[in-house]
Amino acid sequence: MLRALALAIRQLGDRAILAVLVKSVALTLLIFAALGTGVYFGFSALLERIGWNEASTGLVAAFGALLLVVFGGLVLFRAVALAVIGFFAEDVVEAVECRYYPARAASAVPPSAWRGLKIGLRSALRAILWNLIALPLYFALLITAVGAPMVFLIVNAFLIGKDLQEMVIARHDASPDSTPERIAPVPRFVLGLIAAVGLGIPFLNLVVPVIAAAMAAHMIHGPRSGRTVTA
């Protein structure tokens, strides 16, 4: 686990990883910017319809949009980040395999962009669904102060760990002879927990999806790669 984390962080300076990082951050911010714009115009239309003072409509709509985007970011950021990194995961995993596991890179069958998008969207929808199911439990545990955040992290750790594994396996499941091992349940949960915690930290959450995807590749390939990683 520590080895995977260290190698993932070390590779952040690679050109291929930097390119993915820039694209994923830009797309994530663009999604929330589009959300904010849509909310702003929606609020403006609503205020005009109810006869709000036109002089202050823009200011009130902007403030309302800002609040909803901030709140939506807190609630939906994990789902959006997973959807985005699911779309770009192929590039991250390929960069890791090419540098550290060339035999795996040679036998990989890259998934189509459409399949990558489906993996990302499925991850996002699964995260939203399971968190909605757990919502009553979150509310019930609010009185404990720490109970709700702990359950939230546990639920999302399981989901994210599974999603990250799927992103790596997608490059190899079309070739049975090269299908890599799955990550054992406990390390997979810890991987998901690291990602879930990191996704809740402002600014760090923009980098965490890329690091987590690279870690998943190391955790799947490392034990059976037959190669000693030195760089």
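Worth saying up front: this structure is predicted, and the values here are computed from it rather than measured. All heavy atoms count here, side chains included; hydrogens, waters and symmetry mates do not.
Between A195 and A212, the shortest heavy-atom distance links the atoms CB-CB, 4.0 Å. The shortest non-hydrogen separation linking Q165 to I183 is OE1-N, 2.7 Å. In terms of heavy atoms, H172 sits closest to S107 at ND1-OG, 4.4 Å. Closest non-hydrogen pair, L206 versus V25, comes out as O-CG2, 3.6 Å. Across all their heavy atoms, V92 and A214 have their closest contact at CG1-N, 3.8 Å. Closest approach of L141 and A148 over heavy atoms only: CB-N, 3.6 Å.
Interatomic distance, L191 CG to L5 CG, rounded to the nearest 0.5 Å: 9.5 Å. Here the CD atom belonging to Q11 is positioned 13.5 Å from the CE atom belonging to M215, to the nearest 0.5 angstrom. Note that CD1 of I211 is 8.5 Å distant from CG of L21, once rounded to the nearest 0.5 Å. Atom CG of residue L159 and atom CZ of residue F189 lie 10.5 Å apart, to the nearest 0.5 angstrom. In this structure, CG in L164 is found 9.0 Å from CD1 in I220, a value given to the nearest 0.5 Å. Residue R171 holds its CZ atom at 11.5 Å from CZ of R104, rounded to the nearest 0.5 Å.
Residues P209 and V84 fail the side-chain proximity criterion, which asks for heavy atoms closer than 4.5 Å. Using a 4.5 Å cut-off on side-chain heavy atoms (C-beta onward), H221 and V96 make no contact. Here the side chains of D91 and K23 are in contact, with some heavy-atom distance below 4.5 Å.
With N205 contributing its side chain and F203 its backbone, the two residues share a donor-acceptor pair below 3.5 Å.
Residue I160 is not grouped with residue L125 when hydrophobic side chains (ILVMFWY) are merged at heavy-atom distances under 4.5 angstrom, including chains of intermediate members. Clustering ILVMFWY residues whenever any of their side-chain heavy atoms sit less than 4.5 angstrom apart, transitively, puts F88 in the very cluster that holds L204. Hydrophobic clustering (ILVMFWY, side-chain heavy atoms < 4.5 Å, transitive): M150 and I194 are in distinct clusters.
Residue F152 is tested with W130, F139, Y138 for a ring-ring contact (aromatic ring centres under 6.0 Å, His included); the sole match is Y138.
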**OP:** Walk me through it: do E166 and K162 pass the test side chain to side chain contact (heavy atoms under 4.5 Å, CB included)?
**Re:** CA-CA 6 Å; E166 183 180 1; K162 182 177 180 180; 5.5 Å; no

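More than 12 heavy atoms of other shown residues, nucleotides or ligands fall within 6.0 angstrom of atom CD1 in I133.
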